[in-house]
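Please read the structure below before turning to the comments.
Letters A, B, ... are given to chains in the order of the sequence lines, protein chains preceding strands, and every chain is numbered from 1.
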Protein chains: 2
Amino acid sequence: MPRRSQSEMAILGGLSMQPMTAYALREAIKDVLGHFWSESFGQIYPALSQLEQQGLVTRSHASRPGSSAYSVTPAGLERLRELLSEPVVETPPRHGLLLRLFFGRILGPGQCRELLLTARAKAERRIAEYEAIERKVREEDAGSPDLPYVLITLSSGIHGSRAQIEWATEALALLGDQTSAGNHPPRPKESQP
Amino acid sequence: MPRRSQSEMAILGGLSMQPMTAYALREAIKDVLGHFWSESFGQIYPALSQLEQQGLVTRSHASRPGSSAYSVTPAGLERLRELLSEPVVETPPRHGLLLRLFFGRILGPGQCRELLLTARAKAERRIAEYEAIERKVREEDAGSPDLPYVLITLSSGIHGSRAQIEWATEALALLGDQTSAGNHPPRPKESQP
DNA sequence: GTGTGCATGTAATGAGTTACATGATTAC
DNA sequence: GTAATCATGTAACTCATTACATGCACAC
């Protein structure tokens, strides 16, 4: 369960869906897994060489000289299954927005409101993105055995974003939601219902 | 914007609420900010020495010899305000559960279901924790100017967890939920308790 | 012929965790 | 007295990002 093998998992998983070059793999991770995963070049290239040495992937010469497409070997698929079965590694949380709001007394209600409005707007944009992708994959990948799983990860994003919108709205109300730019002193709230 | 200053922010913020030793600060970050922030010893001690050199915190001899409590200087408070105003640093996502589900075809529906059930159970436990903390702070910190901000961060956790429960339930249904271990009928939207 | 995109890789750098070494104090 | 907790600090290590160096191919 070292963190290292998390990258391995993403790489083998990506290649298991479709053989491709390292460059394309990185693009795919950015575009497709982007909402919940990230890998950089500095990870992917060394990891691929290592996977090749272990016989978990093979490189075959692609159309263009100098470029090579990787694909997963049967042993690699076995390894992937193994990795996927390992317990989820929890990454230590680092939620900058919440940290700022926690110290909101220092920052003042005005700036806190701005932070919340921005976060809400972002969440709204994210939902639109997710729904667009959902429509796309439902059409393009109709019938694919991967489709339900792709939909599940998308759904997670949508649920999370919706929750953030509700939360931000509630928090704004708690801070005394005047949507004007004017400076209002923090009116003490009545005891919460 | 450098990530480094994120630790500074957490440290100054923590000390701004109450002067304490480095050890106590770490405990506080673990217990109080734990849901959305983390710092380790290896970060805190060097950062504190640096902050002291910059005159942003001062150490005063505490009750016990060999231990010293830190408190924020006026300059430190100014710096904190500055840091809090800087744009939120987005950390690259690394969501192990979603990665596994995305490759769910490899893992198979059975193991995916298990993952979802575990995630849902965890979210339920988290909600109970948050609600316990909420009751506690409403009582202990009643009237404190920090209270509304603490409640906002707690509320974020509760909303997020509720969303995860709903998502997991939906996903389980999508995968063909035979095991109704723990019945989760759609929760009617209600005003807060 | 030049800019953009595809493609590969290495080096520098920094962030952050963990383990270790050390010792005082408190509780039993 | 001894175990647990409080307390401080450093060193080693891992993980990951970013910048850099390089070059081909294709469109305009």
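Within 4.0 Å of B/Ser49, counting heavy atoms only, lies no atom of the nucleic acid at all. A/Arg26 comes within 4.0 angstrom of nothing in the nucleic acid, heavy atoms only.
Nearest-nucleotide assignment on DNA chain D puts the 5′-proximal partner with B/Ala24, out of B/Ala24 and A/Gln43. Each of B/Tyr70 and B/Glu27 was matched to the nucleotide of DNA chain D holding its nearest heavy atom; the match closer to the 5' end belongs to B/Glu27.
Nearest nucleotide to the A/Tyr45 side chain, out of C/dT17, D/dT17, C/dG9: C/dG9. Relative to the side chain of A/Ser40, the nucleotides C/dG9, D/dA16, C/dT18 differ in distance, and D/dA16 lies closest.
At whole-Å resolution of the value, CD in A/Glu90 and P in C/dT17 are 14 Å apart. For A/Phe41 and D/dA21, the CZ to C1' distance is 14 Å, given to the nearest whole Å. Taking atom CD of A/Glu39 as the reference point, atom P of D/dT18 lies 13 Å away to the nearest angstrom. Distance, A/Trp37 CH2 to D/dC15 C1': 12 Å, rounded to whole Å. Atom CD1 of B/Ile44 and atom C1' of C/dT18 are 14 Å apart (whole Å). A straight line from CZ of B/Arg94 to P of D/dA16 spans 4 Å, rounded to a whole angstrom.
Under the 3.5 Å distance criterion, with hydrogens and angles disregarded, a donor-acceptor pair is assigned to the side chains of A/Arg126 and A/Gln164. In this model, a donor atom of one side chain and an acceptor atom of the other lie less than 3.5 Å apart for B/His159 and A/Glu170.
Between B/Glu166 and A/Arg162 there is no salt bridge, since none of the side-chain N atoms of the basic residue sits less than 4.0 Å from a carboxylate O of the acidic one. A salt bridge between A/Glu134 and A/Arg138 is present, with a side-chain N of the basic residue lying under 4.0 Å from a carboxylate O of the acidic one.
Between A/Ser68 and the phosphate of C/dT8, there is a side-chain N or O to OP1/OP2 separation shorter than 4.0 Å. A/Ser7 has a side-chain polar atom (N or O) that falls below the 4.0 Å cut-off from OP1 or OP2 of D/dA16. OP1 or OP2 of D/dT8 has not a single side-chain nitrogen or oxygen of B/Tyr23 nearer than 4.0 Å. Under 4.0 angstrom from either OP1 or OP2 of D/dT17 there lies no side-chain N or O belonging to B/Thr91.
Classification of the A/Phe36-B/Phe102 ring pair by plane angle, with boundaries at 30° and 60°, yields tilted.
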